[in-house]
Amino acid sequence: SPQAGQVTLLIPGVPLDKQEMPLEVDTANHGTLTWFMNGAYLGETASDERMWWTPKPGRHELVVIDDSGATSTRWFEVRRKL
């Protein structure tokens, strides 16, 4: 999560640092996951835990890598509500 192609709307009037977005994998048992957003390192979590990200408007590439080196990539968009 998020799903590929997902569009997320920001909540008007709420500061971005109060609008964390959960990032997670569908299945557990992948050991430690390493998360990257737009090429920048976000951190590591156990595969059964969520990574939290402060959303920013625009199109984003999320990459997660498990202990075995397997990767998953998702493109999604964050928009300001009009």
Side-chain angles (χ1 to χ4, degrees):
S1 168
Q3 299 300 315
Q6 177 176 317
V7 175
T8 298
L9 296 177
L10 295 170
I11 303 168
V14 177
L16 289 179
D17 63 345
K18 303 294 182 195
Q19 297 192 52
E20 289 187 313
M21 184 174 173
L23 310 174
E24 59 190 330
V25 297
D26 291 337
T27 58
N29 301 324
H30 293 284
T32 300
L33 301 175
T34 305
W35 300 86
F36 297 88
M37 186 69 70
N38 303 319
Y41 174 77
L42 290 180
E44 295 181 355
T45 63
S47 60
D48 61 348
E49 295 176 346
R50 289 180 176 159
M51 170 62 71
W52 293 92
W53 176 68
T54 302
K56 296 169 183 58
R59 190 162 186 244
H60 303 284
E61 179 189 43
L62 173 65
V63 176
V64 61
I65 305 171
D66 71 12
D67 282 343
S68 72
T71 65
S72 181
T73 302
R74 296 282 187 277
W75 284 93
F76 66 98
E77 189 172 347
V78 175
R79 296 182 187 164
R80 294 189 186 276
K81 188 172 180 180
L82 299 176

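FYI, the numbering just counts along the sequence from 1.
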Side chains of V64 and L23: does their closest heavy-atom pair fall under 4.5 Å? no
For the side chain of Q19 and the backbone of V14, is there at least one donor-acceptor N/O pair under 3.5 Å apart? yes
Can any side-chain N or O of N38 pair as donor or acceptor with the backbone N or O of E61 at less than 3.5 Å? yes
How long is the span from the [atom1] atom in [X] to the [atom2] atom in [Y], to the nearest 0.5 Å?
| X | Y | atom1 | atom2 | answer |
| --- | --- | --- | --- | --- |
| D26 | Q3 | CG | CD | 6.5 Å |
| L16 | I11 | CG | CD1 | 10.5 Å |
| M21 | L10 | CE | CG | 9.5 Å |
| L42 | L33 | CG | CG | 12.0 Å |
| T32 | I65 | OG1 | CD1 | 12.5 Å |
| L62 | M37 | CG | CE | 4.5 Å |

So, for [X] and [Y], which heavy atoms are closest and what is the spacing to 0.1 Å?
| X | Y | value |
| --- | --- | --- |
| R74 | S72 | NH1-OG, 3.2 Å |
| W35 | M51 | CD1-CE, 3.6 Å |
| E49 | T45 | O-OG1, 3.7 Å |

Relative to the ring of F76, is the ring of H60 parallel (under 30°), tilted (30 to 60°) or perpendicular (over 60°)? tilted
